[in-house]
Every structure is written in structure tokens, then in C-alpha cells.
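Just below is one structure, and these are the notes that go with it.
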Amino acid sequence: MLVNRLSASFVIFLGLSLVYFIFPIEIEKLDYGWVRPQTLPNICSFLLITFGLVQFVFPRGKVDLQFNQILWSGIFMLVAFIAVFGFHNFGFILTAPVFSLTIMLFIGERRILWLLLGVFLIPFLIWLSVDQILGRFLP
Amino acid sequence: MVELEIILLGLGDAFSLQNFIFIIMGVVIGQFVGAVPGIGPIMATAIAIPFTFVLDPLIGISFLVGVNKGGTVGGAIPAILINTPGTPDSAATAIDGHPLAKQGKHHKATKMALFSSVTGDTFSDLILITVSAPLAVLALKMGPVEKFALMICAFSIISGLISDSLIKGLIAGVLGLLFATVGLDPEHGTPRLFFGYFELYDGLPLASVAIGMLAISEILKRLSNARGKALPTIQIPKNQKKEDQQLSFTEYWSCRYTMLRGACIGTVLGAMPGIGSTAAAFMSYASAKQASKDPSSFGKGNLHGVAATESANSAVMGANLIPLLTLGIPGSVSAALLISAFVIHGIQPGPLLFENQGRLIYGLFGAMIIANFANLWIGQIGLRFWSKVIQAPESIIFSSALLLCFIGVFMATGGLFGVTVMLIFGIIGYIMNIFGYSVVIFIITFFLGKKFEQLLSQTLVIIDGNPAELINFPFAVFLLILAILSFWWLGFRKQ
């Protein structure tokens with residue numbers, strides 16, 4: 001109940017911030033035509049505020065909040081963002097094996113054969129099929 | 001009217017050895033890319049189009065049709081086995097397919113998916129072949145007002161059905177629409193909500209949003225649950241009963257009306273440009289659930305749920321070609337890719353196509369039927385193969401899936417910006433999942449958002465901003481009343 005109300009509050013807050021802070025800066029206002037650039041975004045934010053209020057007053061629906069899972073998901077997501085940085089700066093060939101190794105070690109994989117497969121064979125097959133066979137660029 | 005000789009010549013072309021080999025290749029590639037979350041047949045088709053330059057037009061287009069058809073079947077495999085849809089349109093398959101897999105009935109579920117997919121696809125192809133022109137004329141008669149009303153109706157049904165809370169479903173739908181407004185405004189061409197990133201002028205890339213929300217968020221959840229365990233991706237109980245390992249003809253036949261209904265929904269929606277297979281799958285699922293004597297068993301592993309979604313999403317594929325071949329209007333992203341392949345080969349889709357290129361068109365129809373049989377045959381082998389692959393440790397499956405998502409989105413969007421967007425939407429999808437907001441509704445409204453805005457604009461121009469003018473559009477009024485009724489029935493009454 002409380003968590004549903006919290007998520008509803010966030011939806012209301014999002015709707016209000018869109019109307020008062022984001023749309024005035026990010027959408028050029030025009031005053032002609034039936035559907036102007038701001039029309040649909042404004043309708044959406046109005047609906048978000050309305051539905052958010054309804055959800056706040058009558059909170060319904062399931063919530064699956066597990067802090068430990070969220071923490072580890074955050075760590076995995078951080079690894080993914082670091083991988084994007086790695087792809088940008090060092091390229092696929094250097095980054096992909098390190099990325100795969102990190103993910104596999106985090107999951108708890110310690111068997112050397114599976115590690116070799118994930119760290120070397122899979123990135124090699126991707127490189128072979130994309131870069132060599134399809135002739136497309138890899139990062 | 002096309003002469004019989006042209007039809008026979010076209011069918012003869014379709015059954016040539018070279019064409020046959022390329023269709024098989026297309027189906028194999030399609031099933032493979034469809035089964036790997038994050039790649040999908042759309043991207044595979046986009047990558048393959050340049051390779052068809054050197055081929056005969058019929059062979060090239062048949063190959064692409066094979067990739068598309070194979071991809072639809074392949075998409076159901078990871079949806080059932082690891083609850084990670086390979087393609088957005090197989091998201092509905094996971095609702096009942098994954099619970100079946102968890103009960104150790106993955107063979108039964110995947111076979112049902114394969115058979116219902118081929119059934120729906122063949123039904124839709126037969127409709128395409130026999131009544132394509134009259135259906136296209138009917139779809140053409142639906143103006144912007146009716147299409148707009150149809151979208152409102154689809155949104156209200158989907159929001160009420162998919163989410164466990166109507167309000168949460170509506171919030172997810174509105175968020176999808178909101179994100180669809182990023183990029184150039186379709187009416188005035190004014191950039192909106194691009195935050196200084198010129199890459200967003202064309203809007204948020206669909207591949208990044210769909211893969212981020214559907215695949216990355218699920219992989220993240222699975223990774224955090226799997227941490228420290230190194231388990232197989234799915235644990236299939238040993239000593240399964242023999243009847244759980246196979247799909248009997250009785251079980252298949254018991255789903256005949258569900259499949260027929262799904263195939264009809266898929267065909268009708270597929271013939272209408274812009275609605276797409278994801279909406280068809282969910283609408284078919286909803287109708288199967290409503291028609292069932294035991295609706296509470298849906299979502300817990302009901303074979304009818306798998307049959308409904310797979311027959312509908314596969315039926316869209318053939319029907320998508322109705323407006324494409326007769327009017328030159330692509331009904332979906334994959335049809336848009338096919339239209340570009342037609343143009344590359346110097347063929348102009350449109351009303352004159354049957355007259356000028358009758359042999360090619362009937363060759364294509366023959367190829368589509370061959371592709372269906374190829375799907376069935378290769379699917380039988382592919383299902384066993386994927387069931388083995390999926391028993392590998394989660395560490396290897398999910399690290400590979402993540403890498404493939406990265407590379408797939410990189411190739412589809414042409415840079416790392418798309419990959420970053422994918423990760424951001426992975427986070428949004430993850431958070432929405434935690435708080436019970438449906439990511440599937442988000443994806444559907446996001447996909448239809450641009451079209452929705454265009455239709456809203458056209459509708460307001462036609463009725464001159466006066467809602468009373470809607471009385472002149474009785475079918476649109478009917479659809480709007482249906483939307484209100486389903487809103488009440490599925491939302492308030494259900495709760």
C-alpha cells in the first residue's frame with residue numbers, strides 16, 4: 001500500500017515537473033494547428049497527474065520490492081555502463097572478454113571450461129559473424 | 001485478373017531448387033536470431049537486405065520472408081524457456097509458456113507454439129492469396145477517424161487486460177505515449193524533448209527501447225537472482241512424464257478454436273497498417289481468456305494461452321503483405337523492410353503489382369507456403385537444439401545474451417548512443433517491473449505513439465474540433481463505445 005502510494009507520488013511529481021520545468025524548455029510552443037507540438041505531451045502529463053492521484057487515493061496492484069536484488073541489479077547495470085565506456089574507448093575485442101568475465105564471476109561461475117567458453121569463444125563467434133562474415137563494424 | 005498460366009509459372013519459380021535452399025537458409029537464420037533475445041528478425045532482415053542485391057528478386061525476397069517467418073517462431077523459444085521474449089510480439093507467449101516450462105512441460109509449450117504459429121501463419125497466407133485485394137479495399141475504407149477510434153479501443157482493452165491494475169496499466173500506456181513524442185513533431189516538424197542530443201531527432205530508437213525494456217530488464221533481474229549460484233538457465237526436472245515431453249494431437253486439436261480465433265484476429269489486425277503483431281498477440285490472448293471456461297488458469301500455464309498468442313502474431317506476417325502488395329503501404333516494421341527490398345530490386349509495390357509482376361507475386365505466395373513447411377520441419381529440430389542450449393549455466397546464457405543485445409542494438413542504431421539508450425530503458429523497465437507497471441503496455445503505446453499523434457491531428461481536422469461531428473462516423477462511434485465498455489468491464493468490474 002505504502003509503496004504503491006510512493007510510486008503514485010512519483011508519477012504525480014513526474015507529471016508536474018514535465019509541465020512546469022521540462023516542457024517549457026524542451027518544447028517550442030506554437031499557436032496554430034489543431035495538434036501543436038505541446039498538445040500530446042501536455043495531454044500525457046495531465047493524464048499522468050490524474051492517474052497518479054487516483055492511484056494515490058486507491059492504491060492497487062502488486063509490488064515486488066527486494067532491496068538485495070535491486071542492489072545487485074544496480075551493480076550489474078554499472079558494469080554494463082562501464083562496458084559501454086570500454087567499447088567506446090578500447091573497442092569490442094578488448095572489452096567484450098573482460099565484460100563477460102566480470103558478469104560470469106559476479107554470478108558465481110568458477111568452472112574453467114564455461115569461463116573459457118563465455119570469455120573467449122562467444123565474443124570470438126560474435127566478432128567472426130559480424131565483423132568478418134557480415135562485414136559490419138563492431139564498436 | 002491474373003491468368004492461370006502466370007500463377008503456375010510463379011509457383012514453378014517458387015519451387016526451384018535455388019529458391020528452396022534460400023528459403024531454408026532464411027528460416028534457419030530467422031529461428032536462430034528470433035531465439036536469441038536482443039537480435040530478432042527485424043534486425044536480421046535489415047542486415048540481410050544488402051546481401052540480396054546480387055540475388056534474383058524472387059529469391060532475395062523469399063529469403064527475407066523466410067527470415068521473418070523463422071524469427072516469429074524463434075521468438076517464442078526464449079519467451080517460454082527463460083521468460084525473455086526474443087521478439088516483442090512473443091511477450092504474450094511468455095505469460096503462459098514460461099509457467100508451463102517451470103512445470104517441466106517446456107517441450108509441450110514450445111511444440112504448441114510452433115504448431116500454432118505455423119497454423120496461424122498458413123491461415124493468414126491463404127487469406128492473403130485468396131482475398132488480399134477485397135480485404136485491402138476494406139482496410140482502405142477505414143479513414144483516420146476510425147483508425148484513431150480503433151487505437152483508443154485497443155489501448156483501453158490492452159491496459160485493462162495486461163496489467164493487474166487498470167490505473168497502473170493506463171499510467172504505463174501514457175508513459176509509452178509520452179516517450180513516443182520525443183523527436184520531431186509529425187505535424188510541424190518541430191524538435192521536441194531531445195535534450196541537445198541530435199540523435200533523438202528521429203525519436204527514441206525502437207530497438208533500444210524494446211530490447212532495453214523487455215530483454216535487459218529481465219536479464220538484470222535474472223542475473224541478480226542467479227548471483228553466486230551458477231545454475232542452469234532453466235532446471236528441467238528429470239524423470240518427466242512422457243506425456244509432458246510431447247504434444248498430443250488431442251491437445252493440439254483442443255486448441256483449434258483458440259488458434260482459429262487468434263489467426264482471424266492476427267489477419268484482421270495485420271491487414272490494418274500500424275497495429276502490428278504485438279497488439280494482435282495480446283488481443284488474441286485476451287479473447288481466449290474471456291472465451292475460456294476456466295479463465296483463472298491463464299497465466300499459470302494454459303496451452304490455450306500459448307496457442308492464442310502464437311497463432312495471432314504469426315498470422316500478422318502474411319496479412320501485413322495485403323496492404324503492402326495491393327496498396328504499397330507497409331503494415332509493420334518488417335513489411336517496411338520488405339518494401340525497401342522490393343524497391344531495391346526495381347519493383348514498385350502498389351495496385352498495379354498484380355498486373356505487372358503477377359509471376360513474381362505468385363512466386364512469393366508459393367515461397368511463403370514453402371517457408372511455413374520449412375518452419376515446421378526446422379522448428380522440430382530447432383526446438384530440441386534450443387532446449388539443450390538453454391540448459392547451459394545462466395552465467396554463459398545471460399553474459400552472451402547481454403553481449404548480443406549490445407551488438408544487436410549497436411548495429412541496428414548505428415552507434416553506442418543506441419546502446420546507452422537501451423541501458424537507460426533497461427533501468428526504466430526494471431523499475432516499472434518492480435512497482436507493477438506493465439512494460440508491455442509501455443512498448444505497445446510507444447510503438448503506436450507517432451501514428452496515434454498523426455491520427456489525432458487528422459481526426460481533429462476532419463471533425464473540425466467538434467466531437468458532435470463524430471456522429472457522421474458510426475464505426476468510429478461503435479469502437480469508442482466498445483472502448484468505454486471494455487474500460488468499465490476490464491477495469492472497474494474486474495477489480
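Proteins come first, then strands; the chains are lettered A, B, ... in the order of their sequence lines, and each starts at number 1.
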Heavy-atom pairs under 4.5 Å with chain A - which of B:Asn433, B:Leu460, B:Ile216 has more of them than the others? B:Leu460

Passes side chain to side chain contact (heavy atoms under 4.5 Å, CB included), B:Asp185 versus A:Leu40? Steps please. CA-CA 10 Å; B:Asp185 153 46; A:Leu40 191 59; over 6 Å; no

With a 4.5 Å cut-off on heavy-atom pairs, point out which of A:Gly52, A:Gly118, A:Ser7, A:Ser45 contacts chain B the most. A:Ser7

Which region of B:Ser457, side chain (C-beta onward) or backbone (N, CA, C, O), has a non-hydrogen atom less than 4.5 Å from a non-hydrogen atom of chain A, or is it both or neither? both

Picking from B:Thr181, B:Ile431, B:Ile396, B:Leu177, which has the most non-hydrogen pairs under 4.5 angstrom with chain A? B:Ile396

Please give me the minimum heavy-atom distance between A:Met77 and B:Leu423, naming the atom from each residue. CE-O, 3.5 Å

Could you look at A:Leu117 and say if it's the side chain, the backbone, both or neither that has a heavy atom under 4.5 Å from chain B? both

Given side chains that start at C-beta, do those of A:Phe76 and B:Ile219 come closer than 4.5 Å, heavy atoms only? no

Part of B:Phe435 within contact of chain A (heavy atom distance under 4.5 Å): both

Does any backbone or side-chain atom of A:Leu65 lie under 4.5 Å from a heavy atom of chain B? Answer side chain, backbone, both or neither. both

Test item: B:Tyr437 and A:Val11 side chains (from C-beta on) under 4.5 Å apart, heavy atoms: yes

Looking at A:Leu47, A:Leu115, A:Ile25, A:Leu138, which has the largest count of heavy-atom pairs under 4.5 Å with chain B? A:Leu138

A:Ser73 and B:Leu223, any side-chain heavy atoms less than 4.5 Å apart: no

What's the separation between atom CG in A:Leu105 and atom OG in B:Ser395, rounded to the nearest 0.5 Å? 9.5 Å

Kindly say whether A:Ile70 contributes a backbone atom to a donor-acceptor pair with the side chain of B:Lys221 at under 3.5 angstrom? no

Check: B:Leu193 and A:Ile27 side chains under 4.5 Å, non-hydrogen atoms: yes

Turns out that what part of A:Leu18 lies under 4.5 Å from chain B's heavy atoms comes down to side chain

Would you say the ring centroid of B:Phe406 lies under 6.0 angstrom from that of A:Phe99? yes

Between side-chain atoms of residues 30-38 of chain A and protein atoms elsewhere (two or more places apart, or another chain), which donor-acceptor pairs fall under 3.5 Å?
| residue | atom | partner | partner atom | Å |
| --- | --- | --- | --- | --- |
| A:Arg36 | NE | A:Gly33 | O | 3.1 |
| A:Gln38 | NE2 | A:Leu30 | O | 3.1 |

Sequence-distant partners of B:Glu453, side-chain hydrogen bond (donor to acceptor under 3.5 Å, both in side chains), two or more places apart: B:Arg192

Side chain, backbone, both or neither of A:Phe81 within contact of chain B (heavy atoms, under 4.5 Å): both

Heavy-atom distance under 4.5 Å to chain B: side chain of A:Ile75, backbone, both or neither? neither

What closest approach, in Å, do B:Ser399 and A:Ile103 show between heavy atoms, and which atom pair accounts for it? CB-CG2, 3.8 Å

Side chain, backbone, both or neither of B:Phe195 within contact of chain A (heavy atoms, under 4.5 Å): both

Compare all side-chain heavy atoms of B:Lys168 with those of A:Asn4 and state whether any distance is below 4.5 angstrom. yes

Can you tell me which portion of B:Ile427 sits under 4.5 Å from chain A's heavy atoms? Options are side chain, backbone, both or neither. both

Select one option (side chain, backbone, both, neither) describing which atoms of A:Val130 are under 4.5 Å from chain B's heavy atoms. side chain

Do you know which of B:Val419, B:Leu184, B:Val461 has the most heavy-atom pairs with chain A at a distance under 4.5 angstrom? B:Val461

Side chains of B:Val174 and A:Phe51: closer than 4.5 Å at any heavy-atom pair? yes

Using side-chain heavy atoms (C-beta onward) and a distance below 4.5 Å, is A:Gln55 in contact with B:Ser165? yes

